[in-house]
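Below is one structure, written out as structure tokens; the observations come after it.
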Amino acid sequence: MPRNTTRAEPGLRGLTENDRSGPLFVRSLEKAMQVLAAFHHADAPLSLSEIAARAGVDRSTAQRMVHTLRSMGYIRRSGDGRGFVPGIRLLDHTLDYLRLDPLVRRATPVLQELRKEVRERVDLSLFDDLRVVYAVRLQSKRQTFYTTLVGHSVPSFCSSGGWAILSRLPDDRVRDILDRSDRRPFTPHTLTEIPEILDKIAETRANGYALTLNQILLGEIAAGFPVLDANGEPVAAIHVAGSLAEWTPEDFVNRNIPLALEAARAISQY
């Protein structure tokens, strides 16, 4: 998969001026995080001017922030010396998140067992409004580099995990998420019109799982299963994905759906 498939910006969404005006809000820290967020969706090292533009800060501020973050190991010079890339210290925070998150810890052994049984790609994605973010990725032999990376994300409006999660939300919240989504298609088959997406979400709600064909990748069949917290709220989803060259939809459903439904129930806290 040569491109990043999310169009839901994972930067500093959701902050209002009321949030920023509070006495505890540190604006300099916000700017530092904006500088780190500048690397989202970048496909090459960034120059100082590019970082400033992407972060929404002036060049002088970007220079100071990059210098500080570089000194701390969070940004480094690229190998060719022509720009900057994230530093190795960021991986420490990824590890902290994954090892301390109780859902990820609880889900991992269940997903490993599911992967052995279905022998297809199995993922756990976490709900983040317009997108779902992969926190566990157990790959099949067909997967490419980009689809093996933890932290990769896909839009909620057209992914199997997204439909699974949306099926457990109130209708007004579902409509709000769809209204705010960038619904440009990934393939000729991607559903982009709100009424047809709502029909699929209603079908998912009735079935207890989502089934997508060719929504994000041509030739892919994927099923999504909601994972609920102790209050019955959807917080994540399990994905099982295969190739339409190897599966008919009927065979895929018959073989994989019961196993994945059982896994989703085992991980949920309701």
Side-chain angles (χ1 to χ4, degrees), residues 4-10 13-14 97-98 101-108 110-111 114 121-138 147 150-183 186 190-213 215-217 220-241 253 256-257 259-270:
N4 189 316
T5 53
T6 186
R7 299 190 186 110
E9 179 56 50
R13 295 179 292 107
Y97 182 92
L98 295 175
D101 184 82
L103 173 58
V104 173
R105 293 174 64 181
R106 186 170 66 252
T108 298
V110 177
L111 296 176
L114 177 62
R121 194 187 88 213
V122 171
D123 305 309
L124 176 75
S125 64
L126 306 180
F127 181 40
D128 187 31
D129 193 40
L130 303 187
R131 63 179 188 151
V132 294
V133 184
Y134 292 112
V136 179
R137 313 213 72 181
L138 305 177
T147 58
V150 169
H152 193 70
S153 59
V154 291
S156 298
F157 86 90
C158 64
S159 60
S160 61
W163 289 359
I165 291 167
L166 294 177
S167 74
R168 303 303 295 259
L169 292 176
D171 290 341
D172 57 346
R173 190 173 176 198
V174 172
R175 185 57 188 252
D176 174 64
I177 288 172
L178 297 182
D179 284 340
R180 290 185 290 112
S181 295
D182 179 354
R183 300 190 306 278
F186 291 98
T190 305
L191 300 183
T192 59
E193 297 299 321
I194 288 180
E196 58 187 1
I197 298 172
L198 289 174
D199 285 344
K200 286 296 184 180
I201 292 171
E203 180 182 301
T204 299
R205 187 176 289 131
N207 292 337
Y209 65 90
L211 186 70
T212 62
L213 306 177
Q215 286 298 295
I216 291 177
L217 289 175
E220 182 180 73
I221 180 170
F225 309 83
V227 174
L228 310 180
D229 66 12
N231 297 315
E233 297 290 328
V235 292
I238 293 174
H239 308 240
V240 177
V253 167
N256 299 315
I257 297 304
L259 296 169
L261 282 171
E262 183 179 351
R265 285 193 291 266
I267 296 170
S268 295
Q269 291 186 309
Y270 60 89

Evaluate the criterion side chain to side chain contact (heavy atoms under 4.5 Å, CB included) for residue pair Val132 and Val154; output intermediate values, then yes/no.
CA-CA 6 Å; Val132 294; Val154 291; 3.4 Å; yes
Kindly write out the residues that satisfy side chain to side chain contact (heavy atoms under 4.5 Å, CB included) with Val136, not counting sequence neighbours, or none if the list is empty.
Val104, Thr108, Leu111, Leu124, Leu138
Please check if atom CZ in Arg105 has more than 12 non-hydrogen atoms from other residues, nucleotides or ligands closer than 6.0 Å.
no
Report the C-alpha distance between Glu220 and Gln215 in whole Å, list the side-chain angles of each, state the deciding distance to 0.1 Å, and finish with yes or no for side chain to side chain contact (heavy atoms under 4.5 Å, CB included).
CA-CA 8 Å; Glu220 182 180 73; Gln215 286 298 295; over 6 Å; no
Quick one: closest heavy-atom pair of Val133 and Gly151, and the distance?
CG1-O, 3.7 Å
Acceptor/donor pairs from residues 193-203 side chains to any protein atom, 3.5 angstrom cut, sequence neighbours excluded:
residue : atom : partner : partner atom : Å
Glu196  : OE2  : Thr192  : N            : 3.3
Glu196  : OE2  : Glu193  : N            : 3.2

With a 3.5 Å cut-off and sequence neighbours excluded, list the donor-acceptor pairs that the side chains of residues 155-170 form with protein atoms.
residue : atom : partner : partner atom : Å
Ser156  : OG   : Asp129  : O            : 3.0
Ser156  : OG   : Leu130  : O            : 3.4
Ser156  : OG   : Arg131  : N            : 3.2
Ser159  : OG   : Pro155  : O            : 2.8
Ser159  : OG   : Gly162  : N            : 3.0
Ser160  : OG   : His239  : ND1          : 3.3
Trp163  : NE1  : Phe157  : O            : 2.7
Ser167  : OG   : Ala164  : O            : 2.7

Side-chain contact test, heavy atoms from C-beta onward, threshold under 4.5 Å: evaluate it for Leu126 versus Leu103 and give yes or no.
yes
Distance (rounded to the nearest 0.5 Å) between Gln269 CD and Arg106 CZ
4.0 Å
Separation between CG of Asp171 and CG of Asp176, rounded to the nearest 0.5 Å
12.5 Å
Identify the residue among Leu114, Asp123, Leu261 that makes a side-chain contact (heavy atoms from CB on, under 4.5 Å) with Ile238.
Leu114
So, are Arg175 and Asp179 salt-bridged, with charged N and O less than 4.0 Å apart?
yes
Note: Ala260 and Val240 closest approach over all heavy atoms is CB-CG2, 4.0 Å
When rounded to the nearest 0.5 angstrom, what distance separates CG in Asp229 from CD1 in Ile267?
14.0 Å
